[in-house]
Amino acid sequence: MVSHFCWGCLSGLRQTPRALLPRPPSCLPSATAAFHTSAARYANPMKKKSNSMEGPPKYRQAKSARMKKKKVIEKPKPPAVGERKALRKRIVLSNANALEVPGMQDLSVETMVDSRLRGSVVGLPVAMLDQLRAVQAFKPTQGWSIFRRPGTVLRRETLEMGRLFERISDGPEKGIVVKKIITGMRGTGKSVHLLQAMAMGFLKKWVVFTVPEAQDLVIAHTAYAPLPDSKPTQYVQKDATSALLLRTALANKEVLSELHISQEHPALKAFVRPNMNLEELARLGVQDASIAWPVFQALWSELTATEAKVNEKEFKPRPPMVVTVDGLAHWMMDSKYRSADFEPIHAHDLVFVKHFLSLLQPGGAKPTLPNGGILLYSTTASNNPTVYTFEVVLKQLAARQRGVDPSSPDFPRPDPYAKVDERVLNLFDSAVSKPQSPREKALELQTLGGLNRDEARGFMEYFARSGILREKVTEEWVGEKWSLAGGGIIGEMEKLGRRLRTAL
């Protein structure tokens, strides 16, 4: 039967609230109306929560969250104390893979003055290597490890120095004192020149004193303390002085053991024994660093003595001395040490430095070294501090040697607006003054340059005979390498010679 109500009438009726309509309890309301589109209907179904009581865990299965264990990385053992420094300063003097050079002569009293050997390489005597090691004459950057045995080239400056040793020892200029400052570009062989002077001193039975690295005394790496009763305050470096005594005792043992004490030493009265030789005297400062400076002063007074005050019967004439210092520019500025007021200490206030710098000054009526000797102080180009005053001093010294009068307008003078260290200027003003003693020479400046072509050819032939250089050494080839090396700079020539090439 068809209803009399139309759809429009039914839609206009007011809807009764659901809560008022009777309904059976089994009819539950839906979350949303049937005709309403809701996001909840299309949402992802919720995951069923896991119930830990659903059942026992599997065999040996942990209930807690699993965390990945970090891999244990085994750290390498750090090197021992001093091992890195020893490796960095290690000196290797022999290469078993290099060829033995046939007919190679050794440096001797005869060969060091033989002009016929100019440009050739002579070997250092094997018996002398321990002495040169003791005074730290070898440097790690000098390329000793590429040859079968250590050798050095006899250049013009080497032969001139050998003749100088002869004249001071037995020639007409016996007992004179020669003072030089060695300068030059990087790689010109300044440190090797000092090594050659040490080797010649050992050959002539001289006493050798060396300061292998002047920088080590001013960078605050060694102990220091004020010198008692010194005005202005001076500072003592006992460990550095003890190391100097050790180097001197080891290298000059043969000479010092034959010389006995001949002077009075009140500061060491409790330590000095009668008839003690100078090698035993030097060992006192090595065994006890607290008395190293008084021991050094006593040793120096013994080596510069001309007559005996005690033990006159055992007195022997003292031999000449060779004093070498490498890196002189580090002593021309403030050091890294600090005073009690935290003020920087000038390098000239260190008694160790002051002693060796005082040797450059004239000794008055008595020479600085009464028994003769050679002072060689070298600058460095690879680790050279910029000291404006010292650069001016070197220019003034070179101008004096050329004959330029200090009152001339061409004489180098410091910039009036630059900061000048008056202590350095005063030191060299007195050092270049004319000595009163005729046996003492004035301070000289020696500039090392490159090898000439003949010396460069002999140097390159030594590389070829050692099996390092595999090319035919001709005049054209030597001229080419001489030019590439900046005019025969020996350090650059060594770099060119050690590049291996296979001959086609």
Side-chain angles (χ1 to χ4, degrees), residues 137 139 155-158 160-161 164-165 168 176-198 200-201 208-215 217-218 320-333 347-348 352-363 367-369 372-404 406 411-412 414 420-421 423-435 440-450:
K139 300 295 179 64
R155 54 195 299 180
R156 177 179 58 85
E157 294 82 1
T158 306
E160 290 177 355
M161 184 170 58
L164 185 61
F165 272 85
I168 296 176
I176 66 172
V177 182
V178 178
K179 306 175 183 180
K180 292 185 179 182
I181 295 180
I182 311 298
T183 62
M185 297 173 56
R186 180 177 181 180
T188 52
K190 299 182 293 296
S191 298
V192 176
H193 190 72
L194 299 184
L195 180 144
Q196 294 171 343
M198 299 176 209
M200 294 179 183
V208 179
F209 282 89
T210 63
V211 181
E213 290 292 344
Q215 179 186 8
L217 298 173
V218 294
M321 289 191 288
V322 179
V323 181
T324 64
V325 176
D326 199 352
L328 181 61
H330 291 281
W331 288 356
M332 301 300 159
M333 57 183 183
H348 295 185
F352 189 107
V353 175
K354 184 179 180 181
H355 170 78
F356 285 98
L357 289 179
S358 65
L359 301 179
L360 297 177
Q361 302 178 355
T368 309
L369 304 178
I374 298 179
L375 303 175
L376 294 178
Y377 291 18
S378 171
T379 61
T380 178
S382 58
N383 184 23
N384 189 37
T386 302
V387 184
Y388 173 74
T389 310
F390 186 58
E391 294 175 358
V392 173
V393 164
L394 294 180
K395 293 178 181 178
Q396 292 179 349
L397 188 56
R400 290 175 187 269
Q401 290 187 194
R402 294 195 305 266
V404 180
F411 190 77
V420 179
D421 193 343
R423 302 186 66 172
V424 177
L425 285 179
N426 297 334
L427 170 67
F428 284 93
D429 283 343
S430 58
V432 298
S433 59
K434 187 176 180 180
E440 188 170 4
K441 301 292 184 180
L443 180 62
E444 302 177 12
L445 181 67
Q446 182 179 4
T447 304
L448 293 183

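Predicted model only: the values in this text are computed from it and were never measured.
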Strictly below 4.0 Å, N to O, side chains only: are E213 and K139 in salt-bridge contact?
yes
Any side-chain heavy-atom pair of E444 and K180 under 4.5 Å: yes
Do the non-hydrogen side-chain atoms of M332 and T389 ever get within less than 4.5 Å of each other? no
Report task. For the residue pair D326 and P212, establish whether any side-chain heavy-atom pair is separated by less than 4.5 Å. Result -> no
Would you mind reporting whether P385 and M333 have side-chain heavy atoms less than 4.5 Å apart?
-> yes
Per side chain to side chain contact (heavy atoms under 4.5 Å, CB included), K179 is matched among V323, L375, L359 by L375
- Item | Side chains of P362 and S433 in contact at under 4.5 Å (non-hydrogen atoms) | yes
Exercise. Below 4.5 Å, heavy atoms only, C-beta onward: do L357 and L328 meet side chain to side chain?
Worked result: yes
Which of V432, T368, L427 passes side chain to side chain contact (heavy atoms under 4.5 Å, CB included) with Q361? Answer is L427
Note to self: For a 4.5 angstrom cut-off between non-hydrogen side-chain atoms, does Q396 reach P414?
What the structure shows: yes
For this session: Specify whether F352 and W331 have parallel, tilted or perpendicular ring planes, treating 30° as the upper limit for parallel and 60° as the lower limit for perpendicular.
Result: perpendicular
Rounded to the nearest 0.5 angstrom, the CE-CD1 distance for M198 and I374 is 12.5 Å
Is it the case that atom CZ in R423 sees more than 12 heavy atoms from other parts of the structure closer than 6.0 Å? yes
OG1 of T447 to CD of Q401, rounded to nearest 0.5 Å, is 8.0 Å
Note to self: Measuring only between side-chain heavy atoms, which start at C-beta, is T158 closer than 4.5 Å to R155?
What the structure shows: yes
